[in-house]
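Read through the structure below, which is laid out as structure tokens, and then see the notes.
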Amino acid sequence: ESACLELPLTILVLLSFAIFAVCSLEQEKVYSVEYAIEFDIMENANFAWAHAFGHKGIMDVNSIADFWSWLRTGYLPLIVQPTWAYSEAYPAALGTPAYEGTNYSRPQGEDNWLFDGYDRQAPIVNDYLRHNKIVGGIKLHQTVAEASRELCQLPISIDRTLMEQWLGKPCAPSDEGILSLELRDIEQFGDSTRTEWLFTELDDMDELHRTLLDMEDGCTMAAAIGDLSSCRCRWCKEQNPRQPWIDEQTVRVEVTFVTYNPHYGLYTYVGTSFLFNRGGHIHKLINVMSARANPMDRPLPVLVPMVAGGIIWVSVILYVFVGEFRELISTIRNRPQNTSMWTAFKDYLNIWNVVDWTSVAVAIIIFNLFAMMRLHVGAANTEFAAIMEASTRAADNDITRQEYEDTLTKFYTAVEQMVLSEK
């Protein structure tokens with residue numbers, strides 16, 4: 001009878017928590033942003049161009065040369081679009097165009113448009129997919145494996161020195177990417193090294209392309225003309241002899257940017273990873289993770305049930321905790337004189353009491369995770385404000401590239417911690 005009387009309370013706990021979770025997460029909005037970005041990179045970052053058609057996409061990146069072609073001619077022009085795009089010209093294969101003999105030609109208007117209510121012309125710098133805005137720029141970093149001749153696995157029946165001379169290079173073994181990967185395998189990055197930035201807010205497209213070219217050729221061209229200082233790949237400039245940014249020690253490369261969607265209040269971390277396994281294959285994965293900047297900034301039809309569900313859920317959990325605690329104390333105090341506390345506790349511990357205490361324990365875990373996530377979101381918001389200030393200073397030429405990079409690095413670190421805590 002007691003268990004049956006507690007059934008409405010159990011239903012209330014489940015129902016209130018479900019309402020709170022659905023309204024606070026709003027996964028349909030998160031999905032719409034993450035799907036749009038992942039689809040765009042997967043389908044539209046093309047290379048191997050012939051006229052207006054790119055024959056290859058990200059899944060066709062099977063060599064280091066393919067990676068640079070994809071990044072320079074597919075990914076970068078897709079992510080960074082400084083001018084308004086127009087439809088393609090009428091193809092000659094279809095005959096005389098409809099505008100033949102008129103004052104019109106192919107659609108061609110302004111590079112930027114000042115729409116009603118806008119302060120600046122669209123597309124604004126770092127706009128992406130119309131409704132998202134890239135924060136700062138694009139980060140390229142990688143992990144590398146230790147290279148040593150001692151790490152080579154050689155037949156014991158052959159003289160090692162002779163074998164090493166035949167190979168002519170050290171080995172850099174790695175267990176990464178041996179089998180097919182899942183997204184959870186790339187959610188966190190190891191010891192990042194060789195970090196380079198594409199400052200899409202500071203540099204024009206030509207400068208960004210030159211940066212990638214310097215990374216690909218390891219500053220060889222800059223050194224050949226006797227002007228190494230003009231090389232835009234900092235790590236490459238430090239190498240002697242010259243070597244490209246990606247080499248045979250590379251294990252994983254991640255091309256990353258962070259967007260903010262003001263329509264939904266979402267930070268989105270977009271990491272495109274390439275894992276170079278030691279069989280010679282390159283695994284490609286796109287990891288998109290999001291977190292809300294302010295959980296309370298919602299429309300009233302969403303905010304009211306979210307807050308109400310949260311208050312009811314917390315109240316019921318507190319009610320269950322107080323009731324179970326009182327029952328436990330009462331059972332121990334009112335035990336027979338010759339009965340031990342342990343025996344009384346076992347008498348108290350029936351299946352329904354275990355369910356109640358489990359609910360309380362799960363609630364405590366959820367509280368802690370939520371508090372931790374809010375701390376990380378608060379840190380990301382603080383660094384976001386610093387980035388906006390740096391952007392204003394950059395527009396006034398009042399900040400150095402190093403200061404800008406330091407500010408952006410702090411923001412990216414905060415966002416990485418935030419999205420991981422949100423998951």
Side-chain angles (χ1 to χ4, degrees), residues 37 40-41 44-49 54 57-58 61 64-85 111-112 120-130 132-142 192 194-223 225 227-237 244-246 253-260 269-274 286 387 390-391 393-395 397 399-409 411-412:
I37 294 174
D40 191 44
I41 296 173
N44 298 325
N46 301 319
F47 66 106
W49 290 90
I58 185 173
V61 173
I64 295 176
D66 284 345
F67 169 80
W68 290 116
S69 295
W70 171 84
L71 182 60
R72 184 167 48 84
T73 67
Y75 182 87
L76 186 61
L78 177 72
I79 304 302
V80 182
Q81 297 191 16
T83 59
W84 190 264
D111 288 340
N112 302 87
R120 287 185 282 172
Q121 292 181 325
I124 299 171
V125 174
N126 276 354
D127 277 358
Y128 174 58
L129 289 179
R130 300 172 301 282
N132 306 286
K133 191 173 182 69
I134 296 173
V135 182
I138 300 171
K139 179 181 179 182
L140 297 96
H141 57 148
Q142 62 174 286
S192 177
R194 305 184 187 182
T195 301
E196 300 288 338
W197 291 91
L198 299 177
F199 295 126
T200 55
E201 191 170 36
L202 305 182
D203 300 329
D204 59 22
M205 184 64 81
D206 289 339
E207 184 69 14
L208 298 175
H209 275 135
R210 284 191 286 266
T211 301
L212 295 180
L213 290 171
D214 284 337
M215 292 172 67
E216 183 178 4
D217 74 6
C219 299
T220 301
M221 182 60 68
I225 63 176
D227 188 14
L228 186 59
S229 62
S230 66
C231 179
R232 298 155 187 82
C233 176
R234 292 180 306 176
W235 179 86
C236 305
K237 283 195 291 189
W245 189 72
I246 296 179
V253 172
E254 186 176 67
V255 185
T256 305
F257 64 89
V258 175
T259 67
Y260 183 75
Y269 179 96
V270 185
T272 306
S273 289
F274 300 81
I286 302 172
I387 278 291
S391 298
R393 292 177 60 192
N397 294 319
I399 189 172
T400 66
R401 292 179 72 89
Q402 187 59 52
E403 290 176 323
Y404 187 89
E405 179 179 337
D406 292 341
T407 305
L408 190 57
T409 299
F411 173 73
Y412 267 67

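The first residue of the sequence shown is numbered 1, and numbering continues consecutively from there.
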Measure from the side-chain N and O atoms of [X] to the backbone N and O of [Y], and report whether any donor-acceptor pair falls under 3.5 Å.
| X | Y | result |
| --- | --- | --- |
| D204 | E207 | yes |
| W197 | E405 | no |
| K133 | V125 | yes |

From [X] [atom1] over to [Y] [atom2], what is the distance, rounded to the nearest 0.5 angstrom?
| X | Y | atom1 | atom2 | value |
| --- | --- | --- | --- | --- |
| L213 | C233 | CG | SG | 11.5 Å |
| L202 | N126 | CG | CG | 9.0 Å |
| I58 | D66 | CD1 | CG | 11.5 Å |
| L71 | L140 | CG | CG | 6.0 Å |
| T409 | I387 | OG1 | CD1 | 8.5 Å |
| Y269 | K139 | OH | NZ | 6.0 Å |

Smallest separation among heavy atoms of [X] and [Y], with atom names:
| X | Y | answer |
| --- | --- | --- |
| V258 | Y412 | N-OH, 3.3 Å |
| Y128 | L78 | CE1-O, 4.1 Å |
| P77 | G74 | CD-O, 3.5 Å |
| H141 | T195 | CB-OG1, 3.6 Å |

Side chain to side chain, [X] and [Y], heavy atoms closer than 4.5 Å:
| X | Y | answer |
| --- | --- | --- |
| Q142 | W245 | yes |
| W68 | D217 | no |
| Q81 | P123 | no |
| L208 | I138 | no |
| R401 | D203 | yes |

Worked check of side-chain hydrogen bond (donor to acceptor under 3.5 Å, both in side chains) between T211 and E196:
CA-CA 9 Å; T211 301; E196 300 288 338; over 6 Å; no
Checking side-chain contact (heavy atoms from CB on, under 4.5 Å) against L212, which of E216, R210, M215 comes through?
M215
Which of T400, T407, L408 passes side-chain contact (heavy atoms from CB on, under 4.5 Å) with Y404? It is L408
Donor-acceptor pair between E254 and T256 side chains, under 3.5 angstrom
yes
Evaluate the ring-ring contact (aromatic ring centres under 6.0 Å, His included) criterion for residues W70 and Y75: first the C-alpha distance (whole Å), next the side-chain angles of each, then the deciding distance (0.1 Å), finally the verdict.
CA-CA 6 Å; W70 171 84; Y75 182 87; 4.9 Å; yes
Using only the SG atoms, decide whether C231 and C219 are less than 2.5 Å apart.
yes
